[in-house]
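Shown next, in structure tokens, is the structure this report addresses.
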Amino acid sequence: MPELGELDLGRLYRFDTALRELLVRFPIDAGVQPALRSERLLCIRHELATSGYLAAAVAAQHGGCGRPVLVQTMMQFICGYHDIDLRDATGLGHGRLIASYASAAVRDRWRPRLLAGALAGIAITEAHGGSQVHATTTAAVPRRDGSWAVSGTKSWISRLNEAAVFCVFFKDPAGCLTAGVVDAGAVGLCRRSVTPAGLSGWAWGELHLDDVQLRRRDILARPGKGMDLLREHFGYYRPLVAATALGAAAAACDSVAAHLDTRRKAGFISGPRDNALITFGRAYAQINAAMLAAMTAQRLSQACDERAELWGCAAKAHGVDVAYAAASELALLAGAPGFAADSQLAKARRDLNGLLYADGIHDSLYRAVGRTLTAGMLRPDARVPLPRVAQGQQSNSCPAPALGPVIRSPGSRLPGRSPSRL
């Protein structure tokens with residue numbers, strides 16, 4: 001990662017330390033009830049905002065520190081290593097749409113709150129599914145005062161109760177897909193929670209809109225640009241999902257290896273069997289390869305490259321597939337303890353199973369990649385741009401939090417619950 005300088009690596013080291021300390025103060029392990037877990041997750045996000053980590057890789061024009069985008073990618077990996085429910089611990093998340101495309105009035109209202117730790121939700125999916133955005137039935141009708149009244153039902157929405165604001169996608173009066181910013185306390189919004197099998201850190205369910213008012217300034221970009229916004233935003237967002245999932249898989253590798261070592265030291269086994277060693281070796285190779293692909297997808301998105309959407313789809317689908325397969329195979333090596341309901345390994349598998357659906361179901365993502373590759377849409381001589389070597393080591397507007405020693409060697413590893421070999 002030549003984009004990252006010594007201070008960036010030091011920031012990541014301190015971030016991991018700060019996160020582990022926060023998890024002692026605000027535990028979110030598998031035995032914590034969902035409502036309490038979501039409350040603690042918000043506390044962690046606000047604490048990280050106060051410490052300067054939330055905005056570390058947020059663009060300077062959006063009020064952040066402006067560090068390279070791979071800082072955010074690596075923070076997602078670290079968060080996933082500790083718990084996938086920490087996937088919104090840093091960064092703007094879906095609030096990036098507001099920072100990038102909202103009108104000045106709306107951006108100035110929400111950006112400071114998002115940088116301070118408020119959470120943004122996104123409402124796209126409906127009962128017919130999330131991959132058929134063109135079939136959206138949520139629609140706006142004009143009102144006499146020039147505003148629009150939006151009505152419809154969004155399904156399987158995450159951050160249902162925790163989000164302070166939603167980016168809602170709907171058909172405008174002309175029948176074109178459009179996105180707007182809706183305050184979570186807006187008149188006409190109501191919610192119905194559904195209990196998920198995984199990813200239960202945030203509330204999940206249906207978001208009902210009944211004549212919710214949208215003014216012209218609440219529209220993201222301009223009317224009819226909804227599909228373009230989705231393509232650009234998820235080209236950026238999906239590699240972050242992949243990195244989070246791969247962090248969880250790395251943690252599974254480390255925890256199962258530690259479990260086998262404990263059993264060996266206790267005399268229960270003489271050492272791992274060949275099939276176990278093969279499983280570890282395969283997982284190691286696959287996780288690293290998938291993480292490199294996620295980084296490449298992130299670079300392409302940052303460069304506004306024409307292949308960003310393709311790589312984002314492929315990196316998310318492949319990365320999560322790899323993470324889920326690795327965690328599932330490694331869990332078998334842990335034996336019965338890995339299948340206890342309060343096991344962190346079992347929770348990771350449930351969460352990874354949820355990511356197979358969230359932010360793009362994989363058959364649709366792979367199909368989109370295949371369609372692009374077979375339609376002659378890419379130049380045959382296209383090359384992945386080389387990353388820029390780190391130059392500015394420190395943003396004047398965002399000092400590095402003084403929470404520990406700076407890593408002096410760019411080759412130093414990041415510590416976790418037990419230092420990952422990945």
Side-chain angles (χ1 to χ4, degrees), residues 69 73 94 96-97 100-101 122-138 154-158 167-172 174-179 220-246 286 289-325 352-385:
V69 68
T73 314
H94 295 304
R96 176 178 172 273
L97 283 166
S100 300
Y101 298 106
I122 192 166
I124 306 169
T125 306
E126 296 187 359
H128 53 72
S131 59
Q132 303 178 51
V133 183
H134 62 278
T136 294
T137 60
T138 300
K154 296 295 182 178
S155 304
W156 324 123
I157 304 304
S158 184
C167 298
V168 179
F169 286 75
F170 59 92
K171 292 288 184 65
D172 64 25
C176 300
L177 188 68
T178 299
L220 290 171
R222 62 178 186 270
K225 298 296 287 184
M227 189 60 72
D228 290 338
L229 293 177
L230 286 176
R231 287 173 172 160
E232 189 280 331
H233 176 62
F234 279 98
Y236 166 86
Y237 189 79
R238 284 180 175 134
L240 300 180
V241 177
T244 308
L246 292 164
Q286 292 175 337
M291 189 65 187
L292 290 171
M295 291 177 184
T296 297
Q298 205 81 74
R299 290 185 178 111
L300 291 170
S301 171
Q302 187 71 4
C304 300
D305 191 277
E306 64 178 355
R307 292 152 296 175
E309 183 183 7
L310 178 146
W311 272 81
C313 290
K316 188 272 177 178
H318 178 62
V320 176
D321 280 346
V322 162
Y324 181 70
L352 287 168
N353 186 48
L355 288 182
L356 295 174
Y357 303 88
D359 305 308
I361 198 165
H362 293 181
D363 59 349
S364 294
L365 297 183
Y366 285 131
R367 186 170 62 247
V369 173
R371 184 184 303 116
T372 302
L373 294 174
T374 57
M377 298 170 64
L378 295 178
R379 302 191 314 273
D381 61 342
R383 295 182 179 182
V384 174

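Computed from heavy atoms alone, side chains included, the values below leave out hydrogens, waters and symmetry copies.
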Got [X] and [Y] here, is their nearest side-chain heavy-atom distance under 4.5 Å?
X	Y	answer
H362	L356	yes
V69	Y236	yes
E126	T137	yes
R238	L365	yes

On a heavy-atom basis, which atom in [X] and which in [Y] lie closest, and how many Å separate them?
X	Y	value
G312	A297	N-CB, 4.1 Å
A323	L352	O-CD1, 3.6 Å
K316	A242	CA-CB, 4.0 Å
G319	A290	CA-CB, 4.1 Å
A293	A315	O-CB, 4.1 Å
K171	L177	CD-N, 4.1 Å

[atom1]/[X] to [atom2]/[Y] distance, rounded to the nearest 0.5 angstrom?
X	Y	atom1	atom2	result
D363	I361	CG	CD1	5.0 Å
H128	T136	NE2	OG1	5.0 Å
F169	T138	CZ	OG1	12.0 Å
I122	I157	CD1	CD1	8.5 Å
C167	I124	SG	CD1	9.0 Å
T372	R307	OG1	CZ	12.5 Å

Show me the side-chain donor-acceptor pairs of residues 223-235 shorter than 3.5 Å, one per line, residues at least two apart or across chains.
from: K225; atom 1: NZ; to: D228; atom 2: OD2; distance (Å): 2.8
from: E232; atom 1: OE1; to: R96; atom 2: NH1; distance (Å): 3.2
from: E232; atom 1: OE1; to: Y101; atom 2: OH; distance (Å): 3.0
from: E232; atom 1: OE2; to: R96; atom 2: NH2; distance (Å): 2.5
from: H233; atom 1: ND1; to: R96; atom 2: NH1; distance (Å): 3.3
from: H233; atom 1: NE2; to: H94; atom 2: ND1; distance (Å): 2.9

*So, does S301 use its side chain to make a donor-acceptor pair with the main chain of Q298 at under 3.5 Å?*
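Side chain of S301 to backbone of Q298: no pair is present.
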
*Judged by atom type as modelled, is there a donor-acceptor pair below 3.5 Å linking the side chain of S364 to the main-chain atoms of G360?*
no

Residues two or more places apart in sequence or in another chain: which of them pass side chain to side chain donor-acceptor pair (under 3.5 Å) with [X]?
X	value
Y366	D321
D359	none
T178	D172

*Residues which pass side chain to side chain contact (heavy atoms under 4.5 Å, CB included) with A243, listed by chain and number, not counting sequence neighbours*: T73, Q76, M291

*Looking at residues at least two apart in the chain, or sitting in another chain, which of them share a side chain to side chain contact (heavy atoms under 4.5 Å, CB included) with A127?*
S155

